[in-house]
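All remarks here apply to the structure that follows.
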Amino acid sequence: RGVTRVVCSVGSILVVCGDGKMAQLIEKDTPSKLEMLFKRNLYPLAISLARSNELDESQVVDIQCKYGDHLYHKGDFDGAM
């Protein structure tokens with residue numbers, strides 16, 4: 001049981017298990033990753049991802065505004081500023 005082999009290819013990873021099953025892990029594009037982070041309220045991670053992928057500064061600012069709105073709705077008025 002367990003993982004017996006991991007094979008990396010362009011844009012995906014294949015994982016072969018001891019029971020013969022295989023899974024393919026495919027990396028999502030940046031907008032999809034950001035959307036998942038927004039749904040989980042992981043705004044600091046979304047900001048970091050946006051910067052590491054060298055998105056336009058206006059897009060980073062938009063994420064920061066969403067984060068501020070999120071903090072405001074949670075009652076963290078100082079953090080929202």
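Atom set for the values below is all heavy atoms of this structure, side chains included, hydrogens, waters and symmetry mates excluded. Just so it is clear, the model here is predicted, and its values are computed rather than measured.
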Inset, instruction - Would you give the length of the straight line joining atom OG of S48 to atom CG of L42, rounded to the nearest 0.5 angstrom? - result: 11.5 Å
Legend entry - Inter-residue atom distance E57.CD - R51.CZ, 0.5 Å rounding: 6.0 Å
Inset, instruction - Side-chain contact test, heavy atoms from C-beta onward, threshold under 4.5 Å: evaluate it for L49 versus L37 and give yes or no. - result: yes
Inset, instruction - Hey, can you tell me if Y43 and Y67 have their rings parallel, tilted or perpendicular (30° and 60° cut-offs)? - result: parallel
Legend entry - Donor-acceptor under 3.5 Å (D56 side chain, Q59 main chain): no
Legend entry - A80 to Y72 - nearest heavy-atom pair and separation: CB-N, 3.7 Å
Legend entry - E27 CD to K33 NZ distance, which is reported to the nearest 0.5 Å: 3.5 Å
Legend entry - Spacing of L14 atom CG and S12 atom OG [to the nearest 0.5 Å]: 5.0 Å
Legend entry - Nearest-0.5 Å distance that lies between atom NZ in K39 and atom CG in L34: 12.5 Å
Legend entry - Side-chain heavy atoms of L25 within contact of V15, under 4.5 Å: yes
Inset, instruction - Show your reasoning for whether side-chain contact (heavy atoms from CB on, under 4.5 Å) applies to D76 and D78. - result: CA-CA 6 Å; D76 182 359; D78 291 334; 4.3 Å; yes
Legend entry - Residue pair G18 / T4: nearest heavy atoms and the distance that separates them: CA-CG2, 3.4 Å
Inset, instruction - Could you state whether I13 and V3 fall into the same hydrophobic cluster, counting links through intermediate Ile, Leu, Val, Met, Phe, Trp or Tyr residues with side-chain heavy atoms under 4.5 angstrom apart? - result: yes
Inset, instruction - Give the minimum heavy-atom separation between I63 and A50, together with the two atoms involved. - result: CD1-CB, 3.7 Å
Inset, instruction - Inspect the surroundings of CD in E54 and state if more than 12 heavy atoms from other residues, nucleotides or ligands are less than 6.0 Å away. - result: no
Legend entry - Sub-4.5 Å side-chain heavy-atom contact between Q64 and I47: yes
Inset, instruction - Would you check if the side chain of D19 reaches a backbone N or O of K21 as a donor-acceptor pair within less than 3.5 Å? - result: yes
Legend entry - Interatomic spacing from CG in N41 to NE2 in H73 - rounded to 0.5 Å: 11.0 Å
